[in-house]
Enquirer: 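Quick one: structure below, then a few questions.
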Amino acid sequence: MKIMKIAALTAVFAAQFAFAQFKQTPLPYAYNALEGSIDAQTMEIHYTKHAAGYVTNLNKAIAGTPQEKESLFQILSKVSTLSRVIRNNAGGHYNHELFWTMLTPEKNTRPSAKLLKAINETFGSLEAFKEKMSKAGADRFGSGWAWLSVDKNGKLFVSSTPNQDNPLMDVVEEKGTPVLGIDVWEHAYYLKYQNKRADYLAAVWNVLNWKSVSQRYEDALSKK
Ligand code: MN
């Protein structure tokens with residue numbers, strides 16, 4: 001009887017595990033930590049409803065397929081061969097896991113010397129870069145993302161993708177390793193900013209985690 005119970009529990013655990021390959025990382029700060037730039041209610045709904053939904057739907061969509069045993073990077077690199085549901089939710093999961101680390105309540109973080117040098121060389125100045133990045137987000141029609149990425153030659157570039165696509169996907173025109181991603185879906189800002197996406201984009205710079213962006217930049221370069 002006891003053994004049967006354990007066997008049943010093991011089976012339940014195994015089934016849960018099989019259907020929950022991907023998980024959300026805990027948010028590295030409180031929902032209200034970015035107040036002033038991004039309000040607590042937006043952060044809570046964004047993390048617990050929208051982002052959580054992408055993980056749940058991704059795990060459901062890959063259940064029983066070879067993707068169950070693949071990494072998120074493997075999946076993203078071949079989304080052109082997979083279903084639209086996998087493309088949207090794998091992108092959604094990757095993008096949001098990245099996005100939470102792009103933000104911080106810590107004031108006045110700065111790009112590393114190495115990143116700042118590359119930004120100056122590529123865009124002219126930090127201000128010119130911010131303007132270009134904000135414009136990429138503002139000009140994205142409908143839902144999507146603005147990106148700063150490293151291309152295959154180690155050069156920085158700014159781009160924008162629709163929906164939950166990202167530069168790691170084989171379907172996008174401008175491919176690279178994202179080092180900064182800004183969510184411009186209405187769910188990321190509408191409660192506080194309504195239709196004023198540009199105001200949200202301006203406010204994001206106040207809570208941007210330059211330490212995290214710099215670290216990603218250096219990691220991306222070291223993989224070249
Ligand atoms: Mn979002």
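The first residue of the sequence shown is numbered 1, and numbering continues consecutively from there. Ligands are counted one by one from 1 in listed order, and the atoms in each one are counted from 1 as well.
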Enquirer: In terms of relative ring orientation, are W145 and H96 parallel, tilted or perpendicular, with 30° and 60° separating the classes?
Expert: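 Taking H96 first and then W145, their aromatic rings stand perpendicular (interplane angle over 60°).
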Enquirer: Dump the intermediate steps for side-chain contact (heavy atoms from CB on, under 4.5 Å) on L148 and V158, then the final yes or no.
Expert: CA-CA 5 Å; L148 173 67; V158 166; 4.2 Å; yes
Enquirer: Please walk me through it: do F129 and L156 pass side-chain contact (heavy atoms from CB on, under 4.5 Å)?
Expert: CA-CA 10 Å; F129 158 67; L156 289 172; over 6 Å; no
Enquirer: Considering non-hydrogen atoms only, spot the tightest contact between R197 and R140 and give its length.
Expert: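 Here R197 and R140 meet closest at NH1-O, 2.7 Å.
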Enquirer: Taking salt bridge (Lys or Arg N to Asp or Glu O under 4.0 Å) as the definition, give me every residue that meets it alongside K132, ordered by chain and number, with sequence neighbours left out.
Expert: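 Not a single residue meets the salt bridge (Lys or Arg N to Asp or Glu O under 4.0 Å) criterion with K132.
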Enquirer: In total, how many protein N/O/S atoms does one find closer than 2.8 Å to the Mn ion (ligand 1)?
Expert: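 The number of such protein atoms is 4.
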Enquirer: Do H93 side-chain atoms and N89 backbone N/O form a donor-acceptor pair below 3.5 Å?
Expert: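 Here the side-chain-to-backbone pair does not exist.
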